[in-house]
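Take a look at the structure set out below.
All of these numbers come straight from a predicted model, not from anything done at the bench.
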Amino acid sequence: MNYAGILAGGLGMRMQGSERPKQFLRLGEGSDPILIMTLRAFLDCSLIGELIVAVPVEWLEYARVLIAENIEAESVGRIHLVLGGDDRHESICNICEYIDETFGVDDGDVLVTHDAVRPFVTGRIIEDNLDALEGCDCVDTVVPATDTIVVSDDGETIEDIPQRSRYYQGQTPQSFKIKVFTEAASQLSDEQRAQLTDACKVFILAGRPVKLVQGAYSNIKITTAHDIHVATQILRETED
């Protein structure tokens with residue numbers, strides 16, 4: 001089965017002035033909360049079965065009510081809430097553990113992990129992730145870097161300006177075969193676990209290839225108040 005793992009475990013500390021984590025905010029009057037927009041993108045994809053959402057413990061009940069009030073009754077049963085971890089990797093592991101305990105995991109089962117605060121993910125991106133996994137164990141969604149990359153070891157002087165054509169900006173989804181991920185993660189050393197930034201890093205540290213899938217520049221991650229303004233404009237354009 002193809003599962004979606006929605007990472008909504010953050011508390012949004014960089015969103016100044018907000019009383020709620022950013023995944024629960026709305027992009028203007030009348031819009032759905034950001035989390036709901038993201039969930040709808042995956043519910044609308046016929047290739048995705050169950051959705052597992054990692055949420056901070058103090059916001060679990062809020063998320064449960066929010067979903068019940070905003071998602072159609074026939075789809076609510078496909079959405080499952082789990083506790084978010086102390087970091088991204090722990091949240092992904094919690095999702096994988098829930099899937100294993102609730103549904104069991106077969107060799108071909110896939111998890112498509114996605115930031116809850118990337119509400120403009122498209123069906124094309126999700127399907128391309130799943131298609132790419134037919135020939136590999138892990139996929140990362142990226143777009144070509146548009147800015148020049150500057151390398152500095154001390155934060156004061158430039159060490160290098162590499163060729164931009166070799167660099168990409170990472171997005172989500174990041175998708176993988178669940179059994180391969182859990183096996184690779186279990187074999188990492190403590191030093192390697194300290195290096196983890198996302199799901200793909202597990203495969204890289206384990207020496208396994210990660211295939212690239214083309215994302216979209218509109219597939220932004222809403223992190224700051226400025227991002228809210230940009231996302232609101234994107235939403236207006238998609239609704240016109």
Ile34 versus Ile228: any side-chain heavy-atom pair under 4.5 Å?
yes

Going by side-chain contact (heavy atoms from CB on, under 4.5 Å), name the residues that satisfy it together with Glu101, two or more places apart in sequence or in a different chain.
Glu97

Which ILVMFWY residues are connected to Val210, directly or by a chain of links, through side-chain heavy atoms under 4.5 Å apart?
Met1, Tyr3, Leu7, Ile52, Val82, Ile92, Ile95, Tyr98, Ile99, Phe103, Val105, Leu111, Phe176, Ile178, Val180, Phe181, Leu188, Leu196, Val202, Phe203, Ile204, Leu205

If I take atom CD1 from residue Ile234 and atom CZ from residue Phe120, how far apart are they, to the nearest 0.5 angstrom?
5.0 Å

By side-chain contact (heavy atoms from CB on, under 4.5 Å) - contacts of Thr157 (at least two apart):
Asp154, Glu159

Under a 3.5 Å distance rule, please check whether Arg164 uses its side chain to pair with a backbone N or O of Ile149 as donor and acceptor.
no

Could you identify which residues cluster with Ile161, counting Ile, Leu, Val, Met, Phe, Trp and Tyr as linked when any side-chain heavy atoms lie under 4.5 Å apart, either directly or through a chain of such contacts?
Val150, Ile158

Hphob cluster co-occupancy, Leu66 + Val57, side-chain heavy atoms under 4.5 angstrom:
yes

Is atom CG of Asp160 surrounded by more than 12 heavy atoms (other residues, nucleotides or ligands) closer than 6.0 Å?
yes

Indicate yes or no for a side-chain donor-acceptor contact from Asp227 to the backbone of Thr223 under 3.5 Å, with no hydrogens or angles considered.
yes

Of all pairs that satisfy salt bridge (charged side-chain N to carboxylate O under 4.0 Å, His left out), the ones with a partner from residues 46-66, not counting sequence neighbours:
Glu61-Arg64

Residues pairing under salt bridge (charged side-chain N to carboxylate O under 4.0 Å, His left out) where one sits in residues 180-199, two or more places apart or in two chains, turn out to be Asp190-Arg193

Within the side chain of Asp115, is there an N or O that forms a donor-acceptor pair under 3.5 Å with the backbone of Arg118?
no

Pairs in or reaching into residues 136-149: which pass side chain to side chain donor-acceptor pair (under 3.5 Å), with residues at least two apart or in two chains?
Asn129-Thr141, Asp140-Gln174

Let's go through Arg124 and Asp131 carefully: what are the C-alpha distance in whole Å and the side-chain angles of both, what is the deciding distance for salt bridge (charged side-chain N to carboxylate O under 4.0 Å, His left out) to 0.1 Å, and is it a yes or a no?
CA-CA 10 Å; Arg124 190 274 301 168; Asp131 288 344; over 6 Å; no

Taking Gln23 for its side chain and Ala116 for its backbone only, find out whether a donor-acceptor pair lies under 3.5 Å.
no

May I have all residue pairs that pass ring-ring contact (aromatic ring centres under 6.0 Å, His included) and include part of residues 39-77, sequence neighbours excluded?
Phe24-Trp59, Phe24-Tyr62, Phe42-His114, Trp59-Tyr62

Pro33 and its side chain to side chain contact (heavy atoms under 4.5 Å, CB included) partner, picked from Asn70, Leu25, Thr38:
Asn70

Given a cutoff of under 4.5 Å between side-chain heavy atoms of I, L, V, M, F, W and Y, with clusters grown through shared members, what are the other residues clustered with Tyr168?
Val142, Leu212

Quick one: name the residues clustered hydrophobically with Tyr217, using the 4.5 Å side-chain heavy-atom rule over I, L, V, M, F, W, Y, and just say none if it's on its own.
Val143

Can you pull out every side chain to side chain donor-acceptor pair (under 3.5 Å) where at least one residue sits in residues 200-211? Sequence neighbours excluded, please.
none

Asp106 bridged to Lys177 by N-O distance under 4.0 Å
no

Taking only residues at least two apart or on different chains, which pairs with a member in residues 23-38 satisfy salt bridge (charged side-chain N to carboxylate O under 4.0 Å, His left out)?
Asp32-Arg40

Quick one: closest heavy-atom pair of Gly9 and Pro56, and the distance?
O-CG, 3.2 Å

